[in-house]
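Below you'll find the structure, written out as structure tokens, and then a few comments.
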Amino acid sequence: MKLIIAPAKKMRVDRDTLPWRDLPRFLDRSEVIYRQLQSMSYEQLKALWKCNDQIAALNLDRLARSDLRRDLTPAILAYEGTQYQYMAPGVFTQAAFDYTQDHLRILSGLYGVLRPFDGVIPYRLEMQAKLKIGQAKDLYSYWGSSIADELYRETDCVVDLASKEYSRCVTQHRPAGTRWITCVFGELAGGRVVEKGTLCKMARGEMVRFLAEQGVDSPEGIKDFQGLDYTFSPAHSDGETYTFLLQPKEGSRCG
């Protein structure tokens, strides 16, 4: 069983807490993307990144002085978004780190797929960015089936804790006869399960931490998750969708 999560736009450098162990498996292909970014003008990059001048200047500086093989941070410590805050790797035990190295994979527009202790640099590049690389019209085309092939080379079951932007690069190339489980975190509204973006990110991070702390290595164990007042709902689940519903606290109303 492998768990997939999305990266985060906000990143940091941490060369002291834990050492990185390996270079990313698709680093040669990442360097092709990086050279393409380095060849682009400020205006082109700002349009690609869809950001303000301050963020564009920061990432332009990174492009000018960074090396994909030097001064690296373990991927699990490099991302700072909501999901990673709730995953809270800073309080992991060694057993939890070992679990994530075995089971967790981070999808990335620049790196393709990362193990938690692969060394990375700060970058800005979403998977859905309209970046043409050679004959590939965008990053989905550039990565093709390679991300899905890498994931399913190691397992026959992938658990989706990523956003649709990233899970798409796997589902489009999923090999026949393999299993795909999407975890949905929502609440009932008008008889429908409704997901809310920030709450989903929080729950995905909590889910990873729960699985790592408990050492869960089969899909059945995922159903025991009860973090952030979510509980598994058999009535809204099937073999490929595990739905967790937010339980309203007594005396309050979910909003």
Audit row: E240, R179, salt bridge (charged side-chain N to carboxylate O under 4.0 Å, His left out) steps and yes/no: CA-CA 8 Å; E240 292 205 339; R179 191 173 183 189; over 6 Å; no

W180 side chain to T182 side chain, donor-acceptor N/O pair below 3.5 angstrom: yes

Nearest-0.5 Å distance, CG of residue D160 to CG of residue L107: 8.5 Å

Derivation and outcome, side-chain contact (heavy atoms from CB on, under 4.5 Å), residues F92 and Y99: CA-CA 10 Å; F92 274 9; Y99 176 93; over 6 Å; no

Pair listing, ring pair (Phe, Tyr, Trp, His ring centres under 6.0 Å) test, anchored in residues 2-22, at least two apart: none

Derivation of the side-chain contact (heavy atoms from CB on, under 4.5 Å) call for L68 and I121: CA-CA 6 Å; L68 293 179; I121 61 167; 3.4 Å; yes

Salt-bridge contact E31-R69 (side-chain N to carboxylate O under 4.0 Å): yes

Residue pairs fulfilling salt bridge (Lys or Arg N to Asp or Glu O under 4.0 Å) with at least one residue in residues 126-148, sequence neighbours excluded: K9-E126

Crowding at CD, Q135 (>12 non-hydrogen neighbours, <6.0 Å): no

Carboxylate-amine/guanidinium proximity below 4.0 Å for D156 and R174: no

side-chain contact (heavy atoms from CB on, under 4.5 Å) evaluation trace for L37 with L131: CA-CA 9 Å; L37 294 173; L131 180 65; 3.9 Å; yes

Under 3.5 Å: donor-acceptor pair, side chain of T155, backbone of M1: yes

Main-chain N/O of L63 paired to S66 side chain as donor or acceptor, under 3.5 Å: no

Sequence neighbours excluded - side chain to side chain donor-acceptor pair (under 3.5 Å) pairs with any residue from residues 77-87: Y79-Y123

Donor-acceptor pair between T231 and Q247 side chains, under 3.5 angstrom: yes

Carboxylate-amine/guanidinium contact E150 R29, below 4.0 Å: no

F232 ring center near Y242 ring center (under 6.0 Å): yes

Salt bridge (Lys or Arg N to Asp or Glu O under 4.0 Å): pairs with one or both residues in residues 198-217, sequence neighbours excluded: E206-R209, R209-E213

Selection residues 106-120 - residue pairs positive for salt bridge (Lys or Arg N to Asp or Glu O under 4.0 Å), sequence neighbours left out: R115-D118

Residue pairs fulfilling salt bridge (Lys or Arg N to Asp or Glu O under 4.0 Å) with at least one residue in residues 43-52, sequence neighbours excluded: K46-D53

Check: S108 side chain, V113 main-chain N or O, donor-acceptor pair, under 3.5 Å: no

Any donor-acceptor pair under 3.5 Å from S237 side chain to T243 backbone: yes

Gap separating the CE atom of M11 from the CG atom of L58, nearest 0.5 angstrom: 11.5 Å

Mutual orientation of the aromatic rings belonging to W143 and F26 [parallel < 30°, tilted 30-60°, perpendicular > 60°]: tilted

Hphob cluster co-occupancy, V194 + L246, side-chain heavy atoms under 4.5 angstrom: no

Sidechain-backbone polar pair: S30 side chain, L110 backbone, donor-acceptor under 3.5 Å: yes

Under-4.0 Å salt bridge between K223 and E220: yes

Residue pair T178 / V158, side-chain heavy-atom distance below 4.5 Å: no

Lys/Arg-Asp/Glu bridge criterion (N-O < 4.0 Å) met for D149, R153: no

Trace of the side-chain contact (heavy atoms from CB on, under 4.5 Å) decision for I222 with V159: CA-CA 9 Å; I222 296 172; V159 178; 3.7 Å; yes

OG1-CG distance between T17 and L77, expressed to the nearest 0.5 angstrom: 6.0 Å

